[in-house]
Amino acid sequence: MQIRKDIMMAVDNLKLKAGQRCLVIAPHPDDESIGMGGFLLQHPQECDVLVLTDGQNNLPKNKEIVALRHQEFTNAMQKVGIKNFWQWNIPDSKVSKNLFKLLKLPFNNYAYVFVPSPYESHRDHRCIYPFLKFWLHFYKPKLATYEVGVPQLKANVTIDISDVADKKKEVINEYVSQVKQTDYTKMLGLNSYRGLRKNFTYAECFRIEDCSLLSKIFSHRQEKNGTVWTILGLRFKSKRKKTKA
């Protein structure tokens, strides 16, 4: 018997089962497309997308910018084929002060909730993960983190997006006001790098964690020579019975 140091179980794939849905939370309009546009293009019917901020770029009371960013977000989601998407009006750089608004979301309707990884450079990106990592203890979905501008450590899922990489670039280009300032389509370079180890042309990487209390109390996984059970951090192993030829 041995004590596991990490009893937060994670899945090793991201194959959605029939009826499963995903909620994608993006701090700013364009983060969802830059970070996981490939996955969205592959699963438009299963994903709902929420953008938290109004996209004012730290220019308060600029209604024209807010309206433009919202239209760009709408154009991008329509190009992807997302049917259910919406945007809140939290000011840029103020997400950390409005995190409790997230608790209004119907988390139990989803199998996965996607947020930016905690390794991101922007504070609006970093603050969402630790907040939801705690609160999702009380809900059923798994927490998945995606990369926007910084490679995340300990990614445990790699998705081949080679077939939709060109379309992802088109979706990012819908954010004309942002691409004009910084060519975010070059972030596909990160997708190219991520594909190297899996022999994919382009890939997106995620880290998926099961945050539910039940997963901390009890879990099991099948191994080659038996089943590993974890109960309150204690690890037990049952050997697989040999079958007669």
Side-chain angles (χ1 to χ4, degrees), residues 10-17 20-52 72-73 76-82 84-85 110-122 124-126 128-129 132-133 136 141-175 178-179 182-211:
V11 299
D12 59 0
N13 63 70
L14 222 175
K15 295 180 180 178
L16 299 180
K17 298 178 182 178
Q20 286 188 329
R21 298 195 58 76
C22 303
L23 173 63
V24 177
I25 299 176
H28 314 103
D30 73 7
D31 290 332
E32 80 298 325
S33 298
I34 296 169
M36 52 181 298
F39 182 83
L40 290 174
L41 284 161
Q42 292 173 341
H43 302 280
Q45 304 302 316
E46 291 79 26
C47 293
D48 298 340
V49 180
L50 165 64
V51 166
L52 299 180
E72 290 175 343
F73 171 52
M77 293 300 94
Q78 289 177 344
K79 196 174 193 70
V80 173
I82 303 294
N84 191 24
F85 59 90
Y110 300 98
Y112 297 94
V113 175
F114 290 83
V115 301
S117 86
Y119 302 102
E120 292 291 321
S121 58
H122 197 296
D124 278 351
H125 293 204
R126 294 193 307 269
I128 305 171
Y129 169 80
L132 284 187
K133 184 173 182 179
L136 286 184
K142 293 180 173 64
L143 181 62
T145 56
Y146 60 91
E147 304 169 322
V148 181
V150 179
Q152 64 174 322
L153 302 177
K154 299 180 181 179
N156 57 11
V157 171
T158 302
I159 301 296
D160 184 4
I161 65 160
S162 306
D163 61 332
V164 294
D166 289 341
K167 189 72 177 288
K168 176 177 178 176
K169 185 174 182 179
E170 293 176 14
V171 173
I172 295 173
N173 275 324
E174 291 292 338
Y175 291 98
Q178 304 309 295
V179 175
T182 304
D183 187 0
Y184 288 111
T185 63
K186 291 182 179 179
M187 292 307 298
L188 267 76
L190 174 58
N191 299 146
S192 177
Y193 163 74
R194 282 305 203 179
L196 285 175
R197 295 186 65 181
K198 296 287 186 176
N199 201 29
F200 301 147
T201 306
Y202 292 96
E204 290 173 346
C205 280
F206 304 89
R207 176 166 177 80
I208 301 179
E209 301 177 16
D210 190 340
C211 300

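As a basis for the values below, the full set of heavy atoms in this structure was taken, side chains included, without hydrogen atoms, waters or symmetry mates.
Side chain of Lys142 to main chain of Cys211: no donor-acceptor pair is present (N/O by atom type, distance under 3.5 Å, no hydrogens or angles). Between the side chain of Ser162 and the backbone N or O of Thr201 there is at least one donor-acceptor pair closer than 3.5 Å. A donor-acceptor pair under 3.5 Å is formed between the side chain of Glu204 and the backbone N or O of Gly38. Glu32 places a side-chain N or O within donor-acceptor distance of the main-chain N or O of Asp30, the cut-off being under 3.5 Å.
Here OG1 of Thr182 is found 15.0 Å from OH of Tyr175. Values are rounded to the nearest 0.5 Å. Atom CD of Gln42 and atom CG of Leu14 lie 10.5 Å apart (nearest 0.5 Å). Atom CG of Leu23 and atom OH of Tyr110 lie 5.0 Å apart (nearest 0.5 Å). To the nearest 0.5 Å, atoms OH (Tyr202) and CG (Asp166) are separated by 7.0 Å.
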Exercise for the section: Give the intermediate values and the outcome of side chain to side chain donor-acceptor pair (under 3.5 Å) for residues Tyr112 and Glu46. Expected result: CA-CA 10 Å; Tyr112 297 94; Glu46 291 79 26; over 6 Å; no

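A search for salt bridge (charged side-chain N to carboxylate O under 4.0 Å, His left out) contacts involving Glu174 returns Lys79, not counting sequence neighbours. By the ring-ring contact (aromatic ring centres under 6.0 Å, His included) test, Phe114 pairs with Phe39, Phe206, sequence neighbours left out. Under the side-chain hydrogen bond (donor to acceptor under 3.5 Å, both in side chains) criterion, Asp124 pairs with His28, not counting sequence neighbours. Every residue two or more places apart in sequence or in another chain was checked for a salt bridge (charged side-chain N to carboxylate O under 4.0 Å, His left out) with Arg126, and none qualifies. Residues passing the side-chain hydrogen bond (donor to acceptor under 3.5 Å, both in side chains) test with Glu72, sequence neighbours excluded: Ser177. Remark: Asp183 pairs with Val179, Thr185, Lys186 by the side-chain contact (heavy atoms from CB on, under 4.5 Å) rule, at least two apart or across chains. Residues satisfying the side-chain hydrogen bond (donor to acceptor under 3.5 Å, both in side chains) criterion with Ser192, sequence neighbours excluded, are absent altogether. For Glu147, the salt bridge (charged side-chain N to carboxylate O under 4.0 Å, His left out) partners two or more places apart in sequence, or in a different chain, are Arg194. Considering only residues two or more places apart in sequence or on other chains, Asp160 meets the salt bridge (charged side-chain N to carboxylate O under 4.0 Å, His left out) condition with none of them. In terms of the side-chain hydrogen bond (donor to acceptor under 3.5 Å, both in side chains) criterion, Ser117 has no residue partners (sequence neighbours excluded). Shown here are the ring-ring contact (aromatic ring centres under 6.0 Å, His included) partners of Phe85, two or more places apart in sequence or in another chain: Phe73.
Screening His125, Lys133, Arg207, Gln152 against Thr145 for a side-chain hydrogen bond (donor to acceptor under 3.5 Å, both in side chains) leaves a single residue, Gln152.
Side-chain contact between Phe200 and Ile161 is absent, with no heavy-atom pair separated by less than 4.5 Å. Residues Leu16 and Cys22 have side chains in contact (heavy-atom distance under 4.5 Å, counting atoms from C-beta outward). Contact annotation: the side chain of Val171 never approaches that of Leu40 to less than 4.5 Å [non-hydrogen atoms, C-beta and beyond]. Put simply, the side chain of Leu52 reaches to within 4.5 Å of the side chain of Ile128, judged on heavy atoms. Looking at Asn191 and Lys168, their side chains come closer than 4.5 Å, going by heavy atoms from C-beta outward.
In plain terms, the two heavy atoms of Tyr146 and Ala26 that are nearest each other are OH-CA, 3.4 Å.
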